[in-house]
Amino acid sequence: EDLADIKKKIEAMEPGSEERKMGVREWRRLKRIPQGSVENGVIRTYLEWLTSVPWPSSTTTDTSSLDTLRDRAFLRNAREQLDSDHFGLDKIKRRLIEYLAVVRLKQLAVADDHRELDAHAQIPSESRELVKVDPANAQVVPAAPKRGPSKKAVKGPILLFVGPPGVGKTSLGQSVARALNRPFQRISLGGVRDEAEIRGHRRTYVASGPGMIVQALRKAGRPDPVLLLDEVDKVGQSNFHGDPSAALLEVLDPEQNHSFNDHYINVPIDLSQVLFICTSNTLDTISAPLLDRCEIIQLSGYTYDEKMHIARRFLMPKQMQANGLVAEHLTITDTALLHIVTNYTREAGVRSLERAIGSVVRFKAVEWAEHVDDGKEKEYKNVVEELDLETILGISRAEGDEKDREERRGLVYGLVVTGMGEGGILPVETIAVPGSGRLKLTGSLGDVIKESGEIALSWVKTHAYDLCITENRAQDPLKFPDPIDIHLHLPAGAQKKDGPSAGIAMACAFVSLLTGACIPTNIAMTGEITLRGRVTPVGGIKEKVLGAHRAQMKKLILPWANRKDVEHDVAQDVRKEIEFVFVKTMEEALIAAF
Ligand code: ATP
Ligand code: MG
């Protein structure tokens, strides 16, 4: 960058402001130090960074985002923007519109405040010059009113999108930025261990530089961008490199973030105009204070029906365009598309669907190119049918999943939500081995899930006679007729599992094991049980039901108290295909299962 440019930018900074003082001081230092020396370079780099931060005063001329907010049609346009970027997600879009309405009110209030301030601070540009003029002749520069956080501005909540991969968290953030007509920058926090990555290294450090926040601001070029903090659940906790999560809290805290301190820049930066949106796969690993600051918006994944629509309206056109094909070159039949959705992808979101469609489109793009190069002699078929998929995508991974499941004594399907926020089924396997009446639990289980295994077994033991496992009430089913140990295992042994929601599945597995009766493999269940055999509600119902639907389950046994979740959250087309049994007690669960 040109030195003159830097100078101009310092001159444009608000008189009396910290950044200007710092800029002037460093500028003078730069002038004293011989050019070409290391120190000179260091200062110059610093000044380049300092002047590239979009300070409020130097960028107020750009009012495009304010104009967008002032527009009477703002909310209508925003809704159109959201609709044109994403299919479905009605509840979420409604929440976002509410959010945008609030942001708009607040921002306009702040803007009015600042206009008053600016009216006070009409400073002639010549008095902004860096070179000291003769004090006698100098105009008196009025002290700039503190711009600070506006009192009228009630701080808006920070959005937190939670959900499995590929459901549109990042792209919703982009959509919000477009609706507000503001620049969008994504900051990836996954695996950040070092506080300095967020707030920079001190300048005393060799090769120091600013942190991610300042870098993003520079790229955005405006003090009011939308910054998407991706994967906030994966930011590291306090360690010897400082405390990244604390730095993050400071960034997001409206009480503190009007004077965010980047160690490198070393001048407080006002982040109060930045709109932060966080994304995360799960809520479990997010610290309570951070959760407290956020407005949580849950995205759960799509049904087959929704995926078909998303594929037709969004993914296909996107991939076709990316690969230079037009509609008449290629259509994928409905059955073929459904086949991709159901058999080539097993996910809550649409990322591998997008990838699969991409593969199909590229495959056909090559064929088309060859066809054209051959002078259109070779035949080209512009339709992809179900039969063609195996040549293009290979043998489908999920083929025959349901058929693969075999009914077995002691085997029951439970429902889980993985750490990625994705729902699915989880086999609960039990076997009996000669032993001494003990319960062995394996599969990387946490304390809570282990305890619920013991509760389930205790319940089965006390009801063994009623369940026709023993011949009188005094007998222990693990000792009668021969002493055994029960080994319970939850496969994918390397994946950590915890939570109480496998209670009824484990109890059913014990009953099946001890009675010899099997449970059909298209039944899955979830629910916590108490020692008295009551079934209590569990979380993640929507994800679990969608996962069960993907796994072609036909009947689900769920706690009575979760009825409302199914009614509110699960789409009609999924509900149609699954029989739901809501139970209050373990007895009811057994009746439904066997
Ligand atoms: P991750 O947790 O892995 O970061 P994500 O939730 O951020 O995932 P995105 O990258 O936003 O996922 O979405 C993946 C792709 O799916 C994008 O191309 C996005 O446009 C598309 N997509 C997701 N949901 C929809 C939808 N409802 N309508 C249209 N396109 C969608
Ligand atoms: Mg993302």
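Counting starts at 1 for both ligands and their atoms, in listed order. In what follows, every heavy atom counts, from backbone to side chain, and hydrogens, waters and symmetry copies are set aside.
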Would you indicate whether Asp447, at its atom CG, is surrounded by more than 12 heavy atoms from other residues, nucleotides or ligands within a distance under 6.0 Å?
no
With heavy atoms only and a cut-off of under 4.0 Å, state how Glu231 meets ligand 1: side chain, backbone, both or neither.
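Neither; nothing of Glu231 gets under 4.0 Å from ligand 1.
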Where's the contact between Tyr302 and ligand 1, heavy-atom distance under 4.0 Å: side chain, backbone, both or neither?
side chain
Proximal atoms of ligand 1 relative to [X] (non-hydrogen, under 4.0 Å):
X	answer
Pro165	1 (P), 2 (O), 3 (O), 8 (O)
Val167	6 (O), 12 (O), 23 (C), 24 (N)
Thr170	4 (O), 5 (P), 7 (O), 11 (O)

Check whether [X] reaches the backbone of [Y] with its side chain - one donor and one acceptor, N or O, closer than 3.5 Å.
X	Y	value
Glu429	His489	no
Arg293	Pro289	yes
Lys544	Ile425	no

Kindly give the heavy-atom pair with the smallest separation between His86 and Lys93, and that separation in Å.
O-NZ, 2.7 Å
Close approach of Asp85 to ligand 1, heavy atoms, under 4.0 angstrom
yes
For ligand 1, is Asn281 a contact, meaning one of its heavy atoms is under 4.0 Å away?
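Under 4.0 Å: yes for Asn281.
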What is the closest protein heavy atom to [atom], and at what distance does it sit?
atom	value
atom 19 (C) of ligand 1	Ser171 OG, 3.5 Å
atom 2 (O) of ligand 1	Lys169 NZ, 2.7 Å
atom 8 (O) of ligand 1	Gly166 N, 2.7 Å
atom 16 (O) of ligand 1	Val350 CG2, 3.2 Å
atom 28 (N) of ligand 1	Phe87 N, 2.9 Å
atom 30 (N) of ligand 1	Ile310 CG2, 3.8 Å
atom 15 (C) of ligand 1	Glu354 OE1, 3.4 Å

Could you walk me through whether Gln81 and Asp85 satisfy the side-chain hydrogen bond (donor to acceptor under 3.5 Å, both in side chains) test, starting with their C-alpha distance in whole Å, then the side-chain angles of each, then the deciding distance to 0.1 Å, before giving a yes or no?
CA-CA 6 Å; Gln81 181 71 54; Asp85 290 341; 3.0 Å; yes
Cation-pi, Phe184 ring and Arg178 (6.0 angstrom, 45 degrees)
no
Report yes or no: is the cationic atom of Lys364 (NZ for Lys, CZ for Arg) under 6.0 Å from the centre of the six-membered ring of Tyr380, at an angle within 45° of the ring normal?
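Yes, Lys364 lies over the aromatic ring of Tyr380.
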Could you say whether the N/O atoms of [X] and ligand 1 ever approach to under 3.5 Å?
X	value
Lys318	yes
Leu172	no
Leu315	no
Arg351	yes
Leu89	no
Phe314	no

Salt bridge check, Glu250 against Arg199: does any charged N sit closer than 4.0 Å to a carboxylate O?
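A salt bridge is present here (some side-chain N lies under 4.0 Å from a carboxylate O).
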Hey, is Lys381 close enough to Glu385 for a salt bridge, meaning N to O under 4.0 Å?
yes
Just checking, is any N or O donor in the side chain of Asp230 or Thr279 under 3.5 Å from an acceptor N or O on the other one?
yes
If we count only N and O atoms by modelled type, under 3.5 Å, do the side chains of Asp305 and Thr303 hold a donor and an acceptor together?
no
N/O/S from Thr170 sitting under 2.8 Å away from the Mg ion (ligand 2):
yes
For the ring pair His309 and Phe314, is the centre-to-centre distance below 6.0 Å?
no
